[in-house]
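Only one structure is covered here, and it is reproduced in the block below.
Atoms within a ligand are numbered from 1 in the order they appear, just like the ligands themselves. The residues of the chain are indexed from 1 along the displayed sequence.
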Amino acid sequence: MYDKNNVFAKIIRGEIPSKKIVENEYAMSFYDVNPITDVHVLVVPKGEYENVLDFTKNASAIEQAAFWKCFVETLDKLGVMCDFNVLANAGKNAPLTEQSVFHFHLHITAGKKVCK
Ligand code: AMP
């Protein structure tokens, strides 16, 4: 069940701040608050989708096209079209890294790893 009070829903509604990169009617991208690389951003649809599977199965063609347009424009704007990673965690027990925010998002990482 989608939780309307998750942090990305609040960002989309403008209830909490974010460092926005690209926005269109159906999607937006913003910087991750806890970056693991020099460039670490998130791309989200504005619709209420819990994870990548929910989005792919249930979002309209217009929403999906707008999401990928936002994705490409984000890479372009950040100047990282060549060397980057994309990650979508799905589920609280996802084996590589767990999903912690249950609003579909893609991580885009580029540049060097941040030393923690
Ligand atoms: P995931 O584990 O795939 O669900 O990733 C959630 C990501 O959201 C993490 O990388 C967090 O650092 C990031 N995050 C959490 N709260 C915020 C926020 N307010 N603004 C930007 N990124 C956030």
Side-chain angles (χ1 to χ4, degrees):
M1 182 64 104
Y2 181 86
D3 172 13
K4 287 177 186 293
N5 284 320
N6 73 73
V7 68
F8 296 165
K10 289 180 180 172
I11 286 174
I12 291 162
R13 290 196 297 267
E15 293 168 8
I16 59 173
S18 67
K19 281 178 67 185
K20 211 178 287 179
I21 303 151
V22 169
E23 180 169 18
N24 64 38
E25 192 176 347
Y26 298 103
M28 63 186 278
S29 59
F30 51 88
Y31 285 91
D32 194 295
V33 79
N34 187 21
I36 59 169
T37 50
D38 293 338
V39 176
H40 183 178
V41 306
L42 304 167
V43 187
V44 300
K46 290 185 179 175
E48 296 178 349
Y49 302 102
E50 206 171 302
N51 59 34
V52 62
L53 190 59
D54 185 17
F55 179 73
T56 307
K57 283 170 77 173
N58 299 314
S60 68
I62 290 174
E63 288 174 289
Q64 302 212 22
F67 178 83
W68 290 112
K69 187 169 187 286
C70 180
F71 168 72
V72 172
E73 288 177 2
T74 300
L75 292 176
D76 193 19
K77 197 159 176 182
L78 295 171
V80 296
M81 285 291 226
C82 290
D83 300 296
F84 63 91
N85 300 105
V86 174
L87 174 71
N89 298 316
K92 59 178 168 32
N93 296 313
L96 209 56
T97 37
E98 297 161 3
Q99 184 178 4
S100 61
V101 179
F102 290 85
H103 179 107
F104 169 46
H105 52 282
L106 285 186
H107 295 257
I108 299 174
T109 55
K112 292 196 172 70
K113 281 185 188 172
V114 172
C115 293
K116 304 251 179 183

Exercise for the section: Taking the side chain as every heavy atom from C-beta outward, state whether Phe104 and Asp54 have any atom pair closer than 4.5 Å. Expected result: no
Exercise for the section: Anything under 30° is parallel, anything over 60° is perpendicular, the rest tilted; go ahead and classify Phe8 against Phe30. Expected result: perpendicular
Pairs of nitrogen or oxygen atoms, one from ligand 1 and one from the protein, closer than 3.5 Å: please tabulate them with distances.
from, atom 1, to, atom 2, distance (Å)
ligand 1, 2 (O), Glu98, O, 2.9
ligand 1, 2 (O), Ser100, N, 3.3
ligand 1, 2 (O), Ser100, OG, 3.1
ligand 1, 3 (O), Asn89, ND2, 2.8
ligand 1, 3 (O), His105, NE2, 2.8
ligand 1, 3 (O), His107, NE2, 2.8
ligand 1, 4 (O), Ser100, N, 2.7
ligand 1, 4 (O), Ser100, OG, 3.2
ligand 1, 4 (O), Val101, N, 2.9
ligand 1, 4 (O), His105, NE2, 3.0
ligand 1, 5 (O), His105, NE2, 3.3
ligand 1, 5 (O), His107, NE2, 3.3
ligand 1, 10 (O), Asp32, OD1, 3.3
ligand 1, 10 (O), Asp32, OD2, 2.5
ligand 1, 12 (O), Asp32, OD1, 2.6
ligand 1, 22 (N), Val33, N, 3.2

Could you go through residues 76-88 and list every donor-acceptor pair under 3.5 Å that involves a side-chain atom there, pairing it with any protein atom two or more places apart or in another chain?
from, atom 1, to, atom 2, distance (Å)
Lys77, NZ, Ile21, O, 2.9

Practice task
Give a yes or no on this: more than 12 heavy atoms of other residues, nucleotides or ligands lie within 6.0 Å of atom CD of Glu25.
Solution key: no
Handout entry: Ring geometry between Phe67 and Phe55 (parallel below 30°, tilted from 30 to 60°, perpendicular above 60°)
Key = tilted
Problem - Polar side chain donor-acceptor pair, Thr109 to Thr37, under 3.5 angstrom - result: no
